[in-house]
Amino acid sequence: MMSGKVVSATDAISVLRDGDTVCVSGFVGAGTPDELLIALEDRFLATGHPRDLTLVFAAAPGDGKERGLNRLAHEGLVRRAIGGHWSLVQKLATMAVENRIEAYNLPLGIVSQLYREIAGGKPGMLSKVGLRTFIDPRLQGGRINARSTEDLVSLQVIDGEEWLFYRCFPIDAALLRATTADLRGNATLEREALKLDVTSAAMAAHNSDGVVIVQAERIAVSGSLKPNRVAIPGPLVDCVVVARPENHAQTYATPYNHAFSGELRVPMDGLPPIPLDARKVIARRAAFELPVGGVVNLGIGMPEGVAAVAAEEGMLDHVTLTAEPGVIGGMPQGGLDFGAALNPDAILQQSLQFDFYDGGGLDMACLGMAEVDGRGNVNVSKLGPRFVGAGGFINISQNAARLVLAGTFTAGDLETVVEGGALRIVREGSVRKFVTEVEQVTYSGDLAVETGQAVIYVTERCVFTVSAEGLRLTEIAPGVDLERDILANMEFEPAIDTVVPMDPLLFGTVPMGLKARLLDAPIEHRITLDESGKLLVNLRGYAVRAQGDIDAIADRVESLCGSLGRKVDMIAWYDGFGVAGELDAAYSDMVARLEKTHYRSSIRFTRSPFIRARFGAELAKRDLTMQMRRDAILSPGL
């Protein structure tokens, strides 16, 4: 017999009152408390109560059909919903679009972080996330429909800078999920794929004088749980419900995988490659942008293929892939496993992951695109009658150092074939994605231009960048006709200057050799003179292990610059670069010699503070001040 805080799901849900604000954990199926949601639905259908609830959720706890918050899409049960991602809670999203409930879409990371602010008794939080998008109150203020009139977001100017202020609100109940709970309510997450926001959500509800209900897989004796594993302390928990196994799968696609929770690691070399089609071409082109030694986020949908390409190309050990609910390292998964990862290095709380993202921690992000206009604005959140929501897209896209937006050129029955090293369009898609004006601004091209963010738009047939003149065409796939296949299927004409072919490796039947291309490229490919006479030095992933490596760099620069009769402007990229400790002095001596002999000016880019400090100090000893910066667009071809 159980006692303590363990109760039935029916008894737990009975404490919810009409008009309560209820936050629900979950990212797709990971961490979604289906046992509690079933009990809540059953009680409402039987009694008509509780009714007029406000639901709060960060990600979309659902499967796009019946599970998760889709269970609560009943007239009268929900009065208002405030969510980050709505794609997989389509029954609620439909009610929102049809103006049957009040509905707001805030960035997923903002909802996640608001739990922490609510717990701390703060009035709200300031963030730049959402500026110039539909979250901005000068546009829609995150409102989904006409029924939603309250201002949850306001614009503030502090020291001449624009910020968005997101209001806090009390949480009356938190429905959360854990693996193990003891009789006192202490709860651990050892078999969960994600930690999400269960700790801060529990604190937010508790400190709002609300109730905290935890769904658990199993019950332990009080005092038997390891303290450093407890994610939800017992004093925050009002009651615990033991779930039936069918309502507590690790994800909606996987009952349990020990490689998701980090109990064991599985071999990755046997994973099958994805088939050669338009999706793989796009994923391969995006993979060209992977920063050696850098941190990357991959979005849902088309970008999921980048992880598979990175695995096939042997790049997973040379780049850190992440997912927004808190996964760092390993191989992020797709479909109804999205959010989890095979063999992660760490699983953080979701709000901490977004702190990292919002502060500029990402070296690159690859996200989807549903609509793009001539200014480079992107819409992924609202497509006609279908409301998807922003999810983490706004947090990630605005703050990543380098952004790759990936998707097919058209949609709706598009059929393509990759053969003979080229792309053939068998049937054009019926829906244009490059439109005169996007339906909703989820990403601002103008803001990207103002901030100098490096961004490219990758499709199966061409690649664009964004500039002050708007979208600019830069690459075309072999087999594709500019007029027939590109311009005729756009509602605006992009800027066109120098256009080069997309790399033929993207369309081959064998792996591209991406690891060798990025890490083992010969020095003559790494150091070149461009058309304007600038010396471009790509040392991404380059390792100086012997004196011969130093000599190779010096010899290449001498061969290019020695006979010019003038000094040159030099630009270098250092991410993933390394020098054996005993060669530090020799390498710095070589750099100092080249600086004094051949360079009129020099700029070196790296995201690594350690490299900037280390080599800056070494050159300072040689009476040189080395200009090293954090971010830059890597020139095409490097």
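Note: hydrogens, waters and symmetry copies are ignored here, and every other heavy atom, side chains too, is used.
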For this session: Would you sort out whether Arg116 and Asp355 count as a side chain to side chain contact (heavy atoms under 4.5 Å, CB included), showing the intermediate values?
Result: CA-CA 12 Å; Arg116 188 172 58 202; Asp355 288 342; 2.8 Å; yes
Exercise. Regarding Glu469 and Ser467, is there a side-chain donor-to-acceptor distance under 3.5 Å anywhere?
Worked result: yes
Exercise. So, does Gln453 use its side chain to make a donor-acceptor pair with the main chain of Ser397 at under 3.5 Å?
Worked result: yes
Exercise. Taking atom NZ of Lys567 as the centre, does the number of heavy atoms from other residues, nucleotides or ligands within less than 6.0 Å exceed 12?
Worked result: yes
Exercise. Under the 3.5 angstrom rule, does the side chain of Arg402 hit a backbone N or O of Asp363 as a donor-acceptor pair?
Worked result: no
For this session: State plainly whether the residues Arg138 and Asp136 are in salt-bridge range, i.e. N to O under 4.0 Å.
Result: yes
Exercise. In terms of the angle between their ring planes, are Phe434 and Phe464 parallel, tilted or perpendicular, with boundaries placed at 30° and 60°?
Worked result: tilted
For this session: Say whether Asn395 and Glu324, considering side chains only, have a donor N or O and an acceptor N or O under 3.5 Å apart.
Result: no
Exercise. Should Ile158 and Leu126 be marked as a side chain to side chain contact (heavy atoms under 4.5 Å, CB included) after you check the CA-CA gap, both sets of side-chain angles, and the distance that decides it?
Worked result: CA-CA 10 Å; Ile158 301 175; Leu126 289 168; 3.5 Å; yes
Problem set entry | Arg545 CZ: over 12 foreign heavy atoms closer than 6.0 Å | no
Exercise. Less than 4.5 Å apart, any side-chain heavy atom of Tyr599 and any of Val557?
Worked result: yes
Exercise. Do the non-hydrogen side-chain atoms of Val438 and Val378 ever get within less than 4.5 Å of each other?
Worked result: no
For this session: State, to 0.1 Å, how close Gly541 and Val292 come at their nearest heavy-atom pair, and which atoms those are.
Result: CA-CG1, 3.6 Å
For this session: Answer yes if the ring centres of Phe27 and Phe338 are under 6.0 angstrom apart, and no otherwise.
Result: yes
Problem set entry | Nearest heavy-atom neighbours spanning Ile394 and Thr442 | CG1-O, 3.5 Å
For this session: Keeping the roles fixed (side chain from Tyr443, backbone from Ala448), state whether a donor-acceptor pair exists under 3.5 Å.
Result: no
Exercise. Between Arg604 (side chain) and Tyr574 (backbone), is there a donor-acceptor pair under 3.5 Å?
Worked result: no
Problem set entry | Shortest non-hydrogen contact between Thr408 and Ile282, atoms and distance | N-CD1, 3.8 Å
For this session: Measure the CG-CH2 distance between Leu539 and Trp573 for me, rounded to the nearest 0.5 Å.
Result: 10.5 Å
Problem set entry | Met512 side chain near Leu506 side chain, heavy-atom distance below 4.5 Å | yes
Exercise. Do side-chain atoms of Glu313 reach the backbone of Ala310 as a donor and acceptor pair under 3.5 angstrom?
Worked result: no
Problem set entry | Glu524 (side chain) donor-acceptor with Arg556 (main chain) under 3.5 angstrom | no
Problem set entry | Thr459 (side chain) donor-acceptor with Phe409 (main chain) under 3.5 angstrom | no
Exercise. What is the distance from atom CG of Asn105 to atom CD of Gln140, rounded to the nearest 0.5 Å?
Worked result: 9.5 Å
Problem set entry | Gap separating the CE atom of Met315 from the CG atom of Leu514, nearest 0.5 angstrom | 5.5 Å
Exercise. Out of curiosity, Phe165 CZ to Ser127 OG, how far, rounded to the nearest 0.5 Å?
Worked result: 12.0 Å
For this session: Would you please say whether a donor-acceptor pair under 3.5 Å links the side chains of Gln440 and Asn379?
Result: no
Problem set entry | Pair Asp575 + Arg540: basic N to acidic O under 4.0 Å | no
Seminar exercise, completed: Rounded to the nearest 0.5 angstrom, the CD1-CG distance for Ile553 and Leu594 is 9.0 Å
For this session: Run through Phe610, Tyr587, Phe605 and flag the one making a ring-ring contact (aromatic ring centres under 6.0 Å, His included) with Phe577.
Result: Tyr587
For this session: State, yes or no, whether a side-chain contact exists between Val372 and Leu405 at a heavy-atom distance under 4.5 Å.
Result: no
Exercise. Short question: side chain of Glu491, backbone of Thr436 - any donor-acceptor pair under 3.5 Å?
Worked result: yes
Problem set entry | Val296 versus Pro291, closest heavy-atom pair with distance | CG2-CD, 3.6 Å
Exercise. Do Ser532 and Asp530 meet the criterion of a side-chain donor-acceptor pair at a distance under 3.5 Å?
Worked result: yes
Problem set entry | side chain to side chain contact (heavy atoms under 4.5 Å, CB included) between Cys462 and Val480, intermediate numbers included | CA-CA 9 Å; Cys462 59; Val480 169; over 6 Å; no
Exercise. With a cut-off of under 6.0 Å to the ring centre and 45° to the axis, is Arg517 in cation-pi contact with Phe288?
Worked result: yes
Exercise. Do Val295 and Ile328 come within less than 4.5 Å of each other through their side chains, counting heavy atoms only?
Worked result: no
Exercise. How are the rings of Phe387 and Phe134 set to each other: parallel, tilted or perpendicular (split at 30° and 60°)?
Worked result: perpendicular
For this session: Apply side chain to side chain contact (heavy atoms under 4.5 Å, CB included) to Val537 and Ile571, showing your working.
Result: CA-CA 6 Å; Val537 181; Ile571 304 175; over 6 Å; no
Exercise. Got Leu164 and Pro137 here, is their nearest side-chain heavy-atom distance under 4.5 Å?
Worked result: yes
Exercise. Knowing that exactly one of Glu312, Glu304, Glu460 qualifies, which makes a salt bridge (Lys or Arg N to Asp or Glu O under 4.0 Å) with Lys280?
Worked result: Glu312
For this session: Taking only Lys NZ, Arg NE, NH1 and NH2, and the carboxylate oxygens of Asp or Glu, determine whether Arg386 and Glu439 approach each other closer than 4.0 Å.
Result: no
For this session: Identify the two heavy atoms, one from Ser112 and one from Asp197, that lie closest to each other, and give their separation to 0.1 Å.
Result: OG-OD1, 2.7 Å
Exercise. Without hydrogens or angle criteria, can the side chains of Glu595 and Ser602 be said to hold a donor-acceptor pair below 3.5 Å?
Worked result: yes
For this session: Look up atom CZ in Arg284 and atom CG in Asp503, then write down how far apart they are to the nearest 0.5 Å.
Result: 10.0 Å
For this session: Answer yes or no: does atom CZ of Arg132 have more than 12 heavy-atom neighbours from other residues, nucleotides or ligands under 6.0 Å?
Result: yes
Exercise. Can any side-chain N or O of Gln333 pair as donor or acceptor with the backbone N or O of Met331 at less than 3.5 Å?
Worked result: yes
For this session: Kindly indicate whether the side chain of Ile603, heavy atoms from C-beta on, has any atom under 4.5 Å from the side chain of Lys534.
Result: no
Seminar exercise, completed: Gln398 and Val129 have their tightest heavy-atom pair at NE2-CA, 3.6 Å
Exercise. Under 6.0 Å from the CD atom of Glu450, do we count more than 12 heavy atoms belonging to anything else shown?
Worked result: yes
Exercise. Is there side-chain contact between Ile456 and Glu475, with at least one heavy-atom pair below 4.5 Å?
Worked result: no
For this session: Verify, without hydrogens or angle tests, whether Arg461 (side chain) and Asp485 (backbone) share a donor-acceptor contact under 3.5 angstrom.
Result: yes
